[in-house]
Structures are given as structure tokens and as C-alpha cells.
Protein chains: 2
Amino acid sequence: MNPLDRTLVQRLDLVATLTDEDRDALRALSLTHKTVAAGTDIVVENQEVHHSCLLVDGFVHRYRDTREGKRQIIAFHVPGDIVDLHSLKFEKLDHNVAATIRCDLAFIRHEELWDLCMSRPNIAAALWRETLIDGSIFRRWIVALGRMSGIQRTAHLLCELTMRLHAMNTAQTQHFHLPLTQNELADALGLTVVTVNRTLQTLKQRGLVERNRTMLTIRNWPALAQIAGFEATYLHLRNPPAMDFSEDRQANASA
Amino acid sequence: MNPLDRTLVQRLDLVATLTDEDRDALRALSLTHKTVAAGTDIVVENQEVHHSCLLVDGFVHRYRDTREGKRQIIAFHVPGDIVDLHSLKFEKLDHNVAATIRCDLAFIRHEELWDLCMSRPNIAAALWRETLIDGSIFRRWIVALGRMSGIQRTAHLLCELTMRLHAMNTAQTQHFHLPLTQNELADALGLTVVTVNRTLQTLKQRGLVERNRTMLTIRNWPALAQIAGFEATYLHLRNPPAMDFSEDRQANASA
DNA sequence: CGAACAGTTGACACCGCTCAACGAACGTGG
DNA sequence: CCACGTTCGTTGAGCGGTGTCAACTGTTCG
């Protein structure tokens with residue numbers, strides 16, 4: 001099966017309306033595949049690039065360092081995302097993209113992508129919408145960083161990632177792979193590792209989520225969404241996943 | 001003179017490459033004009049809109065309130081900006097847009113804007129790029145909110161607004177109109193009014209900037225940019241303004 | 001003139017940071 | 001398969017940047 005089917009095509013179907021011809025045109029894109037190790041910088045600030053990078057498998061984050069050497073993570077990406085679609089219209093990048101874990105990537109030349117946009121307005125619209133959703137998520141992070149407490153922010157991030165992974169079927173139950181260290185969570189949340197550690201303990205004590213290394217278990221989605229003030233509309237999904245884990249909960253009750 | 005010349009056309013010329021035909025096509029857009037009072041909500045969350053709003057004159061901010069009633073300002077807009085270009089591809093908005101002061105606005109129907117994008121790829125590219133720059137600014141705000149101190153954040157915001165106003169010639173010297181209250185600054189910076197007040201005093205004591213009601217005076221741009229860690233690349237301007245106020249400084253030395 | 005808003009100042013509390021040490025899990029090579 | 005280094009996670013103590021609360025001043029405008 002074409003790797004684009006369960007990544008880019010599936011992703012764009014989540015957020016836009018494509019025709020069969022659009023999908024075929026997407027499948028016809030020529031890809032350059034590459035696998036990179038955890039921690040690899042995929043694209044770095046000020047670099048000039050002529051292709052965009054589709055995340056096929058793994059987990060990616062975008063970040064920037066301050067002059068004092070502190071790191072702020074700006075975004076996370078799940079399989080199916082084009083992690084630097086913005087580079088299509090920028091000469092130089094203003095931040096870095098790195099592989100959080102070992103990743104399978106597929107590169108698409110800008111020229112070819114732009115030609116596709118010109119010949120298929122639907123696809124241009126879908127990709128533009130993708131970059132706008134990116135921006136919508138940024139806005140929500142700004143609100144979280146500026147006006148929400150540590151525990152609210154943490155809950156919000158976990159809600160967002162859970163929903164995005166479920167939307168793409170990368171996660172399918174209340175118990176799934178979330179390959180982030182507390183350090184990475186801290187750098188995304190504008191907190192320190194110590195605080196994140198304590199915050200996660202609080203969330204566990206309250207029976208909301210449990211995290212163990214690379215696994216996350218949602219124990220009480222409604223309550224988690226409640227303290228996060230999470231509503232999925234800002235992800236602009238056409239059919240947001242239900243997030244009803246009651247069946248799982250029974251199945252896992254014995255565990 | 002067509003109001004689009006000194007707003008949208010000028011703005012897009014700052015960030016993209018247009019032909020004369022592109023400019024003519026932009027000038028031919030049909031506009032609905034409107035003036036709103038300070039504090040007016042221009043578009044609100046969850047609203048469905050079928051036009052985008054060009055800021056002709058005034059000052060606009062975008063914001064969102066948390067469940068606890070705290071406000072976070074997400075973006076500021078200067079004349080020439082389309083303040084809700086993202087709405088072109090979204091059914092529902094995920095945040096609010098409000099007039100910071102009395103504003104002259106011009107509305108453009110989405111249908112007409114999209115037709116223009118289809119017929120003129122250059123304009124589509126320029127507008128897409130506009131939304132990407134919007135996102136780039138969000139990213140920088142995320143870094144500021146997550147990993148920079150109150151004084152650094154404040155300096156950074158002042159640098160950004162100064163540069164954007166100068167790029168559009170809305171401001172032309174070191175002394176210009178910046179119609180923001182300390183309350184609005186606080187809500188943008190994720191601080192409280194009290195802290196902003198003290199931070200501004202510190203900046204003044206150090207001889208960097210002075211703010212008086214609606215006026216801002218840049219006293220030492222290099223030093224201000226230094227503590228903010230400000231570099232203009234993320235604004236993605238084709239020709240960033242020089243920001244050399246040495247002549248002004250002499251002229252204002254007596255004041 | 002008076003209400004409403006914007007700005008200023010002081011005292012105090014607290015959330016989250018810093019520093020520091022230790023424990024647990026993992027991976028790699030001998 | 002163990003030994004060991006490295007990364008990740010955990011815990012405690014103390015500090016500091018911002019927030020909170022509250023009072024007061026200054027400005028604008030009807």
C-alpha cells in the first residue's frame with residue numbers, strides 16, 4: 001500500500017473535502033524516504049529548504065532555543081502531518097524541527113507540491129487549511145502558556161495529543177504510546193522537569209491520567225478535559241473522535 | 001486614492017512579489033466599509049463568517065478568555081493587515097477579534113477573495129504567506145511566554161510592534177502612537193497590570209523606552225532588541241526597516 | 001463636577017524555579 | 001549475562017519572580 005494513504009491522504013481527509021482524483025494526485029507524488037534516529041535535527045533555523053517533510057512514522061517536535069540556552073517546544077507532530085509545510089512559502093525557517101524518537105520521513109519537493117496546488121485547487125485549499133490549523137494550535141498554546149496554571153496546561157496538552165493521535169488512529173484506546181520524556185513535556189509547557197513531574201503525580205493521584213515511560217493511560221477523559229478547559233473545535237477536524245473510553249475502562253478494570 | 005493601495009497592496013508588497021496586474025486585481029476588490037468604536041468585538045468565537053476584515057485604520061487585537069475569565073491576547077494588528085484571513089478556510093472561528101481603538105475596517109467577501117486566489121496564483125501565494133507569517137509570530141510569542149522573563153517579553157513585544165508599524169510607515173520615527181493600555185500589554189504578555197507597570201518603569205530607568213498613554217518613544221533600539229533577543233527574520237519581511245533612530249535622537253535630544 | 005478608566009505603589013503570598021542528591025530503567029559492550 | 005554509563009524520573013529544601021489585594025493618584029470625558 002502506498003505510504004501516503006495512511007498518512008497524508010488520511011490526514012487531509014480528516015480536515016478537508018477531497019475528490020477521488022485529488023487523492024490519486026496525492027498518491028502520485030514522488031517521495032524520498034529517510035529514517036532518522038531520535039534527537040536528529042530534521043531542519044534547522046535559517047536553513048534554506050526545497051522540500052517539505054511528511055512524518056510517516058514516529059514523533060516529531062519543533063523548537064527554538066533562547067539566547068540563554070533554554071528550549072521552548074513549539075509544536076508536536078504525529079504521523080500524517082507535514083512537519084514543515086510552512087517552508088513551502090518561506091525562504092528561511094525561523095525554528096528547528098527534530099525527531100523526538102526514531103522516525104520514518106518522506107520528503108516532497110516544493111516545486112512538485114506547488115504544481116499540485118496549482119493544478120488542484122482542492123489540494124491547495126486542504127494544505128492551506130493544514131497550515132491554518134497549525135496556527136490555530138499555536139494560538140491555543142499561547143492562551144495556555146499565558147493564562148493557565150501548570151496543571152491546566154499539562155492536562156490541555158495531554159488532551160490535545162490524545163485527540164490528535166486518536167483522530168489518525170495512531171492511538172485507539174485509553175492506553176497508548178506517547179513517546180515524550182518529562183523534559184520534553186516541560187519544554188513544551190514552559191515549566192521545569194521538576195514541576196512537570198509533580199504535576200503528573202497530581203494528575204495520577206486524582207485518577208485522571210497515568211504515564212509510564214512511553215505509555216499514557218487516560219483514566220478519566222471528561223475530568224481531564226474539564227480541568228484543561230479542552231474543547232476540540234480548535235483542531236478543526238471534520239469528525240472529531242468520540243473519546244469515549246467506557247468500554248476500555250471495563251476491559252482494563254482488572255489491570 | 002484607493003484605500004487598498006496604502007493598506008493591502010502595500011502590505012503584500014512588503015512580504016511577497018506581485019505584478020502590476022496582481023495589484024490591479026487587488027484594487028478591483030469590492031469592499032464594504034465600516035467604522036467601529038474602541039472595544040467592539042469584530043468577530044467572535046464560533047461565529048460563521050463569509051467575509052474577511054481588512055484593517056484600514058486603527059488598531060486591532062485578537063483574544064480568547066479562559067474558563068476562569070482571564071483574557072489572553074493572541075495577536076495585534078496594524079493597518080494593512082487582514083485580521084481574520086484564517087476565516088477564509090475555517091467554518092467557525094476559534095477566538096475573538098476586537099477593535100483596540102476606534103477602527104476603520106473594510107470587509108471582503110470570502111467568495112470573491114477565493115476567486116481571486118484561483119485566478120491569480122501570485123495573490124494566493126501572497127495571502128497564504130500572510131497566514132504563515134501570522135503563524136510565525138505566534139511561534140515567537142510561544143517562545144516568549146514559555147521561556148522568557150517578564151522584562152524580556154515586554155521588550156520583545158515592543159520591538160515587534162515598533163518594527164511592524166515602521167514597516168508599514170504607520171510609525172516613522174522613534175516617537176510614535178501605540179494605543180495600548182498596560183492592561184492590554186499585560187493580557188498579551190501573560191503578566192498582570194502591576195508587573196507590566198513595574199517592568200515598563202524598569203525599561204524607562206534603563207533608558208530603553210518611554211511610554212506615555214498612547215505614545216511610545218524608543219530611546220535605545222539596539223539595547224532594547226538586545227535584552228529581547230529580537231531579530232526580525234521571523235516577520236519574513238522582504239526589506240526590513242533599518243530601525244536606525246540616530247537622527248531622531250539628535251532632533252529629540254532637547255526634548 | 002463626578003464617574004469611569006488608566007496608572008502607581010506597597011505589603012504579602014504562592015506557584016514554580018533552582019540546586020542537589022538519589023533511584024530506576026535502559027542500552028551497550030565486554 | 002553482568003557491569004557500567006547514561007538517560008530518565010523522583011524527592012527535598014529554600015528562594016524568587018509574579019500574582020493578589022488594596023488603596024490611592026491622575027486623566028479623560030460626558
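Per chain, numbering begins at 1; letters A, B, ... match sequence-line order.
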Discussion item. Can you see if the side chain of Arg198(A) gets near the phosphate of dG9(D) - specifically, an N or O under 4.0 Å from OP1 or OP2?
Written reply: no

Item to complete: Quick one, give me the B/S/- string for nucleotides 22-30 of chain D, reading 5' to 3', where B means a protein heavy atom under 4.0 Å from the base and S means that only happens at the primed atoms, P, OP1 or OP2.
Response: -----S---

Worksheet entry | Whether Phe138(B) and Phe138(A) hold their rings parallel, tilted or perpendicular, with breakpoints at 30° and 60° | perpendicular

Practice prompt. Would you mind checking if Asp134(A) and Arg62(A) are paired as a salt bridge, meaning a charged N to carboxylate O distance below 4.0 Å?
Written response: yes

Fill in: Length of the CG-P vector between Leu191(B) and dT20(D), whole Å
11 Å

Worksheet item: Can you tell me if the side-chain N/O atoms of Thr192(B) get under 4.0 Å from OP1 or OP2 in dG19(D)?
Response: yes

Worksheet item: Centres of the Phe245(B) and His175(B) rings: under 6.0 Å?
Response: no

Worksheet item: How is Arg147(A) classified with respect to the nucleic acid when contacts are heavy atoms under 4.0 Å: base, sugar-phosphate, or nothing?
Response: nothing

Discussion item. Without decimals, in angstroms, what is the distance between Leu200(A) CG and dG9(D) P?
Written reply: 9 Å

Item to complete: Evaluate the ring planes of Tyr63(A) and His61(A), with Trp represented by its six-membered ring, and classify them as parallel (under 30°), tilted (30 to 60°) or perpendicular (over 60°).
Response: tilted

Worksheet item: For the residue pair Tyr234(B) and His95(A), is the inter-centroid distance of their aromatic rings smaller than 6.0 Å?
Response: no

Practice prompt. Kindly say if Gln182(A) contacts the phosphate of dT7(D), meaning a side-chain N or O under 4.0 Å from OP1 or OP2.
Written response: no

Worksheet item: Using 4.0 Å as the upper bound for N to carboxylate O, is an ion pair formed by Arg164(B) and Asp81(B)?
Response: yes

Worksheet item: Do NZ/NE/NH1/NH2 and the carboxylate oxygens of Lys70(A) and Asp65(A) come within less than 4.0 Å?
Response: no

Fill in: Rounded distance (Å) that lies between atom P of dT10(D) and atom CG of Asn197(A)
4 Å

Worksheet item: Can you tell me how far C1' of dG9(D) sits from CG of Leu203(A), to the nearest Å?
Response: 16 Å

Worksheet item: Quick one: on DNA chain D, does Glu184(A) or Gly150(B) contact a more 5' nucleotide (nearest heavy atom)?
Response: Glu184(A)

Practice prompt. Give one of base, sugar-phosphate or nothing for Gly190(A), where a contact means two heavy atoms less than 4.0 Å apart.
Written response: sugar-phosphate

Discussion item. Between P on dT18(D) and CG on Leu145(A), what's the gap in Å once rounded to a whole number?
Written reply: 14 Å

Practice prompt. Answer yes or no: is there an ion pair linking Glu231(A) with Arg64(B), defined by an N-O contact shorter than 4.0 Å?
Written response: yes

Worksheet entry | Pairs flagged by salt bridge (Lys or Arg N to Asp or Glu O under 4.0 Å) wherever residues 189-213 of chain B is involved - sequence neighbours left out | Glu210(B)-Arg219(B)

Response to the item:
DNA chain C: first to last nucleotide in contact with chain B (atom under 4.0 angstrom from a heavy atom), 5' to 3', is dA6(C) to dA11(C)

